[in-house]
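Down below is the structure, laid out as structure tokens.
These numbers come from the heavy atoms of this one structure, side chains and all, not from hydrogens, waters or symmetry mates. Note that this is a predicted model, so its numbers are computed, not measured. One is the number of the first residue; the rest follow in order along the sequence.
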Amino acid sequence: YKDILSVLKTGGIQERNQQYEYFATPFRWKKIITGAGLNVEATWKYNGISKSPVKQWWKTRLIPMNLSYHIIFGCRP
């Protein structure tokens, strides 16, 4: 949740331990993917699986697509 709080507070994400990591909105990723010649047919968000079903229910409903940690795109050529 540190990344979500960072985005809300500063508009960006703090540096991580990754040598190369690229953060973008779903809209920006879709532009990159379609620019590579693929058609995006579906988009899903994924924020991990909690041990607690109650916590998972809240995460699924409260974290919007734009703040999700993982975004999965279903594409076709």
Side-chain angles (χ1 to χ4, degrees):
Y1 299 102
K2 290 180 184 178
D3 289 331
I4 292 173
L5 295 175
S6 176
V7 168
L8 291 173
K9 187 176 178 181
T10 67
I13 295 175
Q14 304 300 318
E15 276 193 35
R16 297 295 202 113
N17 295 329
Q18 301 283 342
Q19 285 183 338
Y20 181 77
E21 193 168 20
Y22 182 77
F23 291 97
T25 63
F27 177 78
R28 178 71 180 128
W29 279 117
K30 189 173 180 179
K31 268 183 92 169
I32 292 168
I33 292 167
T34 56
L38 296 172
N39 294 316
V40 176
E41 296 193 352
T43 308
W44 302 275
K45 64 180 183 174
Y46 177 74
N47 291 299
I49 297 174
S50 298
K51 291 180 183 177
S52 164
V54 174
K55 185 177 178 183
Q56 184 62 43
W57 186 87
W58 281 107
K59 282 173 53 175
T60 300
R61 279 146 189 85
L62 292 179
I63 300 174
M65 180 78 74
N66 281 347
L67 295 176
S68 291
Y69 198 69
H70 302 284
I71 302 165
I72 303 158
F73 293 93
C75 304
R76 288 187 189 241

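A search for side chain to side chain donor-acceptor pair (under 3.5 Å) contacts involving Thr34 returns nothing, not counting sequence neighbours.
In this structure, the side chain of Lys45 engages the main chain of Thr60 through a donor-acceptor pair within 3.5 Å.
Counted by atom type alone, Asn47 and Ser68 present one or more donor-acceptor pairs between their side chains at under 3.5 Å.
Legend: ring pair (Phe, Tyr, Trp, His ring centres under 6.0 Å) pairs involving residues 28-57, not counting sequence neighbours, sorted by first then second residue: Tyr22-Trp29, Tyr46-His70. Here salt bridge (Lys or Arg N to Asp or Glu O under 4.0 Å) pairs that include residues 67-77, with residues two or more places apart or in two chains, are Glu41-Arg76.
No path of Ile, Leu, Val, Met, Phe, Trp and Tyr side chains, each step under 4.5 Å between heavy atoms, connects Leu38 with Ile72, placing them in separate hydrophobic clusters.
Considering every non-hydrogen atom in both Ile33 and Cys75, the closest pair reads CG2-SG, 3.7 Å. The two residues Ile71 and Pro26 come nearest to each other via the heavy atoms CD1-CG, 3.5 Å. Contact detail for Gln56 and Gly48: the closest heavy-atom pair is OE1-O, 3.1 Å.
When the shell of 6.0 Å around CG of Leu62 is examined, it contains more than 12 heavy atoms from other residues, nucleotides or ligands.
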